[in-house]
Every structure is written in C-alpha cells, then in structure tokens.
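What follows is a set of notes on a single structure, which appears directly below.
This structure is a prediction, so every number in the text was calculated from the model and none was measured.
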Amino acid sequence: MFPYLCNENQINNNSFSHFISLSMDTLGTIITVAAAVVTVLGGVYAMFQFVFKIGQTKEHLENFENNTNKQLEKIDRRFEKIEDASEEHTIALTQVFTFLGQKYPKKGTMFLQKSSPRKLTELGLKIYNDINGDSFLAENKDILYEYIDKEDPKTRLDVESRSYMALMALSSDDSFNSIKDYIYEAPAIETIDGGKYELTLGDVCLILSIPLRDMYIKDRNIQ
C-alpha cells in the first residue's frame, strides 16, 4: 500500500511540475507576443505620426505655393500696366516724330531721295554704312518684323511708315547704344544754305527705315 501511495504522490508531483513548466512556457510566449504587439503598435503609431507630419508639411507647401502664385500674378498685372503705358507713350512719341517729319521735310531731303519709292541719298547711305546698318537690321530683324506685323500694313507705303515707327519704338533698347554713341560723336552736318545740322536719333531711324522697308516687302511678298 505505501509503495502505491508513494507512486501516486510522485505522479502528482510530476504533473504539477509539468503544469508549472507549461505555464511558464505559455507565460513566456504571451510576454513575447505582447512585446511584439507593443513593438508593432509603436511602429504603427510612429508611422501615423510621420504621415500626419507629411500631411501638415504638404499643406504648408500648398499654402506657400498658392500665396506665391498670387503674389506673382499681382506682379504680372503691374508689369502689364507698365508695358501698356510704355507702349502708349512710345506710340505717341512716334506720331509726334512722324508729324514733324511731314511738316518739316527739309531734313528728310538730306537723307532721302524723292523718287518712287524713296531711296537713300549719298549722305544717307554714308551714315547707314557708318552705323553698320546691314548688321543692325539683321540682328534686330525678328523684333522689328514683329512690330510691323502687329500694325498689319496693307500697302508698301504702310510698310514704309510702320518701319520708321518700329525703329523708333526699338530706339530705347540697348541694341541702339552704338548708334546713339555715333550720333553723340558725329560732327554737325553742313547744309546747302551754309548752316549746321545736328544728326538726331529720328534721322537715323528714318535712314534705317528705307532698307527695313525693302527687306519686309520682299520677305512678306507685299505687292
């Protein structure tokens, strides 16, 4: 009987030890899983924080872009107003020069021959060559043509007047600097009546307008 009881107690002790061992293993597994879950949740939280910060940054960038675009639009509108005003003043000034040239044609006869069509005189041709007129017109052909195109000339006479206007409009550009230097240094021209005449920017534009007229008529095939 005692051996039987001893064996039964031994079995119970072994079962209890096995249960404790299983419980510790299970507890360890649970702790490991819990730690893993916490780690994953921490990563997810960090990811959400990162995404949230990206969202805020994107929103800030979009607001900055919108504000910048609004400011640029305001600047563009201001420049448009300045360009419109500048163009109006240039047109008005050109009309004044055209009127003076028609009312006081004497100076024009020094540089242009009264033929059909008008051509440069010997003096006009000399000044044209002195200022390297061929090179100047070739370098500025596109912008001069663009101006004449906008005026939509219908006849060759229209082209002649628009050529002069185009050159006067361009005269404030840096491309005219060498021509202005030439005018500044040029000596006074002796007139037929023994007087002295100072070369002007309008005179040079008038001289350039004749070759420009011929170029435009040829290239645009205006009859």
Side-chain angles (χ1 to χ4, degrees), residues 83 85-223:
E83 288 175 356
S86 177
E87 185 174 357
E88 289 176 2
H89 293 156
T90 300
I91 292 173
L93 183 62
T94 302
Q95 290 172 343
V96 170
F97 273 106
T98 303
F99 170 76
L100 291 175
Q102 293 171 347
K103 190 170 181 61
Y104 304 99
K106 184 177 179 180
K107 70 172 185 177
T109 60
M110 290 192 297
F111 311 116
L112 304 180
Q113 296 180 19
K114 288 185 176 180
S115 58
S116 183
R118 292 195 293 177
K119 297 179 180 179
L120 295 178
T121 63
E122 184 177 344
L123 177 59
L125 186 59
K126 177 184 181 305
I127 294 174
Y128 180 78
N129 290 330
D130 285 346
I131 62 174
N132 297 315
D134 285 340
S135 298
F136 175 83
L137 292 179
E139 291 171 2
N140 298 282
K141 175 181 174 180
D142 291 341
I143 189 171
L144 290 169
Y145 275 26
E146 182 181 352
Y147 184 96
I148 300 173
D149 286 340
K150 287 194 298 184
E151 296 297 318
D152 192 25
K154 304 297 183 184
T155 67
R156 288 172 290 178
L157 184 60
D158 291 340
V159 175
E160 184 174 301
S161 62
R162 300 309 189 275
S163 296
Y164 176 74
M165 293 174 66
L167 288 158
M168 287 300 300
L170 185 65
S171 63
S172 60
D173 187 76
D174 288 345
S175 57
F176 258 84
N177 285 349
S178 60
I179 293 176
K180 291 176 182 177
D181 290 339
Y182 172 83
I183 295 170
Y184 181 79
E185 297 172 359
I189 300 170
E190 292 187 9
T191 61
I192 297 175
D193 57 6
K196 298 288 186 179
Y197 180 79
E198 297 289 343
L199 187 67
T200 68
L201 186 60
D203 295 331
V204 175
C205 288
L206 186 65
I207 293 168
L208 287 167
S209 69
I210 300 304
L212 176 60
R213 173 203 66 190
D214 296 339
M215 289 168 51
Y216 187 90
I217 288 174
K218 180 181 178 182
D219 291 342
R220 294 292 191 265
N221 194 27
I222 294 179
Q223 303 299 323

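Screening residues 170-184 for salt bridge (Lys or Arg N to Asp or Glu O under 4.0 Å) gives no qualifying pairs among residues at least two apart or on separate chains. Among residue pairs with one or both ends in residues 112-132, none qualify as ring-ring contact (aromatic ring centres under 6.0 Å, His included); sequence neighbours excluded. The salt bridge (Lys or Arg N to Asp or Glu O under 4.0 Å) contacts involving residues 213-223 comprise Lys141-Asp219, Asp149-Arg220, Glu160-Arg213, where partners must be two or more places apart or lie in separate chains. Note on residues 123-132: pairs passing salt bridge (Lys or Arg N to Asp or Glu O under 4.0 Å), not counting sequence neighbours, are Lys126-Asp130.
The minimum heavy-atom distance linking Leu201 with Ile183 is given by the pair CA-CD1, 3.6 Å. Heavy-atom minimum distance, Gly124 versus Ile207: O-CG2, 3.5 Å. Minimum heavy-atom separation, Ser172 to Ala169: OG-O, 3.9 Å. Between Leu123 and Met110, the shortest heavy-atom contact is CB-O, 3.7 Å.
Atom CG of Leu212 is separated from atom CG of Leu144 by 5.5 Å, given to the nearest 0.5 angstrom. Between the CD1 atom in Ile210 and the CG atom in Leu112 there is a gap of 5.0 Å [rounded to 0.5 Å]. Summarising the geometry, atom CG belonging to Asp193 is positioned 3.5 Å from atom OG1 belonging to Thr191; distances are rounded to the nearest 0.5 Å. Remark: Leu208 CG to Phe111 CZ distance equals 12.0 Å, nearest 0.5 Å. With rounding to the nearest 0.5 angstrom, the CD1 atom of Ile148 is 7.5 Å from the CG atom of Leu167. Between the OG1 atom in Thr200 and the CG atom in Leu206 there is a gap of 9.0 Å [rounded to 0.5 Å].
In terms of modelled atom types and a separation under 3.5 Å, the side chain of Ser209 and the main chain of Ser163 share no donor-acceptor contact. The backbone N or O of Arg118 lies less than 3.5 Å from no partner atom in the side chain of Gln113, so there is not a single donor-acceptor pair. Using modelled atom types, no side-chain atom of Tyr216 and backbone atom of Tyr145 make a donor-acceptor pair closer than 3.5 Å.
The side-chain contact (heavy atoms from CB on, under 4.5 Å) test applied to Ser135 returns Asn132, Glu139, not counting sequence neighbours. In terms of the side chain to side chain donor-acceptor pair (under 3.5 Å) criterion, residue partners of Gln223 (sequence neighbours excluded) are, by chain and number, Asn221. Qualifying salt bridge (Lys or Arg N to Asp or Glu O under 4.0 Å) partners for Glu190, counting only residues two or more places apart in sequence or in other chains: Lys196. Annotation: salt bridge (Lys or Arg N to Asp or Glu O under 4.0 Å) contacts of Asp134 (sequence neighbours excluded): none. Residues forming a side chain to side chain donor-acceptor pair (under 3.5 Å) with Thr155 (at least two apart in sequence, or on another chain): Asp158.
Taking a 6.0 Å sphere around CD1 of Ile143, one finds it holds 12 or fewer heavy atoms contributed by other residues, nucleotides or ligands.
Within the 4.5 Å cutoff, side-chain heavy atoms of Phe176 are placed close to those of Cys205. Counting only heavy atoms from C-beta outward, the side chains of Met165 and Met168 never approach each other to under 4.5 Å. Contact check for Phe136 versus Val204: no side-chain heavy atoms found under the 4.5 Å cut-off.
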